[in-house]
Every structure is written in C-alpha cells, then in structure tokens.
Amino acid sequence: MKCIFCGSEDNKVLDSRNFDDTIRRRRECNNCGRRFTTYEIIEKIPFLVIKKDGSRQNYDSSKLKDGIAKACAKRPVSEEDIKKIIDDIELTVQNRNLQEVKASTIGEMVLKALKDLDEVAYIRYASVFKDFQNVEDFKNLFETI
Ligand SMILES: [Zn+2]
C-alpha cells in the first residue's frame with residue numbers, strides 16, 4: 001500500500017475497521033509522516049455446496065442466514081452473532097481453499113457455533129439439520145449437551 005503523498009510503501013496501520021465487505025484502514029506514512037485512508041475489498045470467492053443427494057448448488061449466504069435465524073427466533077442471539085457464524089464459516093472455507101463443501105459440513109459448523117451461543121437454538125437447528133423424526137432423536141441429542 002503506497003503513500004498517496006510520497007509513494008513510499010513504508011507505513012503503519014493506525015486503525016482498521018470492517019464494513020461488511022470492506023476494510024477501512026487508517027495509515028500513517030513512515031517516510032513523510034502524513035496520514036491517509038485505504039479501503040480494501042474482502043473478496044468472497046464463490047463455492048459450491050454439495051447436498052445430501054449429491055447435487056451441487058451455489059453457496060448462498062442468505063439461505064444459510066435464514067436457517068440460522070429461524071433456529072434463533074426469540075432467543076438471545078443477535079444479528080451480529082449470526083453474521084459472525086456465517087463469516088467464520090466462509091472464512092474457514094476460503095482458508096482451506098475449498099471449491100466445494102458438503103452441506104453437512106456447513107451444518108456441523110453452524111451447530112458447533114450455536115452450541116456455545118444458545119442451547120435452544122442449537123437443538124432447533126439440529127432437529128432440522130439432522131432431520132429428526134421422533135422423540136428418541138431429541139433424547140440422543142440432549143445426552144450430548
Ligand atoms: Zn509518505
């Protein structure tokens with residue numbers, strides 16, 4: 001990142017903030033001492049989700065969000081908590097350089113995050129995700145909490 005005044009690449013970051021898909025960084029040039037702001041776009045690489053039947057779909061964060069939000073309805077889980085779960089999952093996929101991810105893998109990641117946040121939301125999500133058919137399934141899950 002070059003200084004916009006003197007062109008030096010030697011600078012320090014004073015402050016950085018995330019706004020959705022953009023990171024704003026306040027920088028100070030170590031050469032001329034002037035300050036400037038840079039904006040970096042966080043590039044989200046699209047990936048495919050492999051469904052249970054083997055079909056593939058483009059990953060859609062809004063779908064994932066809906067599913068989590070439903071499980072968290074009327075629970076003390078904020079929009080921000082949900083956003084963080086999704087960000088973490090997307091980041092994990094990107095860091096591992098995956099082009100395809102099993103839906104079940106994403107589901108497990110959501111469950112892991114919800115387990116720490118709210119048990120009711122966790123159970124709700126698990127019942128949909130694991131396709132619970134009877135009380136026995138719930139009982140087995142309760143034993144794991
Ligand atoms: Zn400079």
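Starting from 1, each residue takes its place in the sequence as its number. The structure presented is a predicted model; accordingly, all values stated were derived computationally and were not measured.
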Trainee: Of all the heavy-atom pairs spanning Cys3 and Cys6, show the shortest one and how long it is.
Mentor: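 Heavy atoms of Cys3 and Cys6 come nearest at SG-N, 3.3 Å.
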Trainee: Atom OH in Tyr125, atom CD1 in Ile85: separation rounded to 0.5 Å?
Mentor: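 Rounded to the nearest 0.5 Å, the OH-CD1 separation comes out at 9.0 Å.
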Trainee: When rounded to the nearest 0.5 angstrom, what distance separates CG in Asp116 from CG in Asp81?
Mentor: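 Interatomic distance, Asp116 CG to Asp81 CG, rounded to 0.5 Å: 11.0 Å.
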Trainee: Can you list every pair that meets salt bridge (Lys or Arg N to Asp or Glu O under 4.0 Å) and has a residue in residues 96-107, with sequence neighbours left out?
Mentor: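 Qualifying pairs: Arg56-Glu100.
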Trainee: Is there side-chain contact between Glu90 and Ser61, with at least one heavy-atom pair below 4.5 Å?
Mentor: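 Heavy-atom side-chain distance check passes, below 4.5 Å.
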Trainee: Where is the tightest heavy-atom contact between Ala103 and Phe129, given as atom of each residue plus distance?
Mentor: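 So the two residues come closest at O-CE1, 4.2 Å.
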Trainee: How many angstroms lie between CZ in Arg25 and CG in Leu14, if you round to the nearest 0.5 Å?
Mentor: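 One gets 12.0 Å once the value is rounded to the nearest 0.5 Å.
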Trainee: Check whether any side-chain heavy atom of Cys29 lies under 4.5 Å from a side-chain heavy atom of Phe5, and answer yes or no.
Mentor: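 Result no, sub-4.5 Å side-chain heavy-atom pair not found.
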Trainee: Does any part of the side chain of Arg124, heavy atoms only, come nearer than 4.5 Å to the side chain of Val120, both counted from C-beta?
Mentor: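 Side chain of Val120 against side chain of Arg124, heavy atoms only: contact under 4.5 Å found.
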Trainee: Could you check whether Thr37 and Arg26, counting side-chain N and O atoms only, form a donor-acceptor pair closer than 3.5 Å?
Mentor: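 Side-chain D/A pair, Arg26 to Thr37: present.
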Trainee: Does Ile50 share a hydrophobic cluster with Ile106, counting links as ILVMFWY side-chain heavy atoms below 4.5 Å and allowing steps through other members?
Mentor: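 No.
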Trainee: Give the other cluster members for Ile41, using side-chain heavy-atom distances under 4.5 Å between Ile, Leu, Val, Met, Phe, Trp and Tyr residues; answer none if it is isolated.
Mentor: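 Traced through the cluster, Ile41 reaches no other member.
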Trainee: Can you tell me how far NZ of Lys112 sits from CG of Leu117, rounded to the nearest 0.5 angstrom?
Mentor: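 Going from CG on Leu117 over to NZ on Lys112, the span is 12.0 Å.
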Trainee: Quick one: does Glu28's side chain get under 4.5 Å of Arg34's, heavy atoms only?
Mentor: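 No - every pair of side-chain heavy atoms lies 4.5 Å or more apart.
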Trainee: If a pair satisfies ring-ring contact (aromatic ring centres under 6.0 Å, His included) and one of its residues is in residues 89-123, list it, with sequence neighbours excluded.
Mentor: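 Qualifying pairs, neighbours excluded: none.
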Trainee: Does a sphere of radius 6.0 Å around CD in Glu119 hold more than 12 heavy atoms from other residues, nucleotides or ligands, not counting ones at 6.0 Å or beyond?
Mentor: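 For Glu119, atom CD is not crowded (no more than 12 foreign heavy atoms under 6.0 Å).
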Trainee: Would you mind writing out the side-chain donor-acceptor pairs for residues 65-75 within the sub-3.5 Å range, not counting sequence neighbours?
Mentor:
unit_1 : atom_1 : unit_2 : atom_2 : d
Arg75  : NE     : Asp118 : OD1    : 3.3
Arg75  : NE     : Asp118 : OD2    : 2.9
Arg75  : NH2    : Asp118 : OD1    : 3.0

Trainee: Do Ile89 and Leu98 belong together in a cluster built from hydrophobic side chains that touch within less than 4.5 Å?
Mentor: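 Yes.
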Trainee: Are Val93 and Leu111 co-members of a hydrophobic cluster defined by side-chain heavy atoms under 4.5 Å apart?
Mentor: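 Same cluster: Leu111 reaches Val93 through Ile, Leu, Val, Met, Phe, Trp or Tyr contacts under 4.5 Å.
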Trainee: After noting the C-alpha distance and the side-chain angles of Gln57 and Leu48, does the key distance pass the side chain to side chain contact (heavy atoms under 4.5 Å, CB included) rule?
Mentor: CA-CA 5 Å; Gln57 271 185 358; Leu48 295 173; over 6 Å; no
Trainee: When rounded to the nearest 0.5 angstrom, what distance separates NZ in Lys63 from CD1 in Ile86?
Mentor: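 The NZ atom of Lys63 sits 13.5 Å away from the CD1 atom of Ile86.
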Trainee: Using every non-hydrogen atom in the two residues, find where Val101 and Thr105 come nearest and quote the distance to one decimal.
Mentor: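 So the minimum-distance heavy-atom pair works out to CG1-CB, 3.9 Å.
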Trainee: Roughly how far apart are Lys84 NZ and Glu79 CD, rounded to 0.5 Å?
Mentor: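 Output value for this atom pair is 15.5 Å.
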Trainee: Show me the pairs that pass ring-ring contact (aromatic ring centres under 6.0 Å, His included) and involve residues 50-70, at least two apart or across chains.
Mentor: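 Passing the test, one end in residues 50-70: Phe47-Tyr59.
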Trainee: Answer yes or no: is there a donor N or O on one side and an acceptor on the other, between the side chain of Asn11 and the main chain of Met1, under 3.5 Å?
Mentor: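 Yes, the answer is positive, given that a donor and an acceptor are paired below the 3.5 Å cut-off.
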Trainee: Measure the shortest side-chain to side-chain distance between Arg35 and Arg27 over non-hydrogen atoms and say whether it is less than 4.5 angstrom.
Mentor: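 They are not in side-chain contact.
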Trainee: Between Arg17 and Asp15, does any side-chain N to carboxylate O distance fall below 4.0 Å?
Mentor: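 Answer for the salt bridge query: yes.
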Trainee: If two hydrophobic side chains count as joined below 4.5 Å and joins carry through other members, does Ile123 share a cluster with Val110?
Mentor: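 Shared cluster, yes.
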Trainee: Would you kindly confirm whether Ile23 and Ile4 end up in one hydrophobic cluster when ILVMFWY residues are joined by side chain heavy atoms under 4.5 Å apart?
Mentor: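 Cluster IDs for Ile23 and Ile4 differ.
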Trainee: Will you find, in the side chains of Asn95 and Thr92, an N or O donor that is under 3.5 Å from an N or O acceptor?
Mentor: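 Not at all, the side chains of Asn95 and Thr92 share no donor-acceptor pair under 3.5 Å.
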Trainee: Looking only at side chains, do Ser8 and Asp10 share a donor and an acceptor under 3.5 Å apart?
Mentor: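 No, because no side-chain N or O of Ser8 sits under 3.5 Å from a partner of the opposite role on Asp10.
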Trainee: Can you list, by chain and residue number, the hydrophobic cluster partners of Tyr39 when the side-chain cut-off is 4.5 Å?
Mentor: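 None; Tyr39 is a cluster of one.
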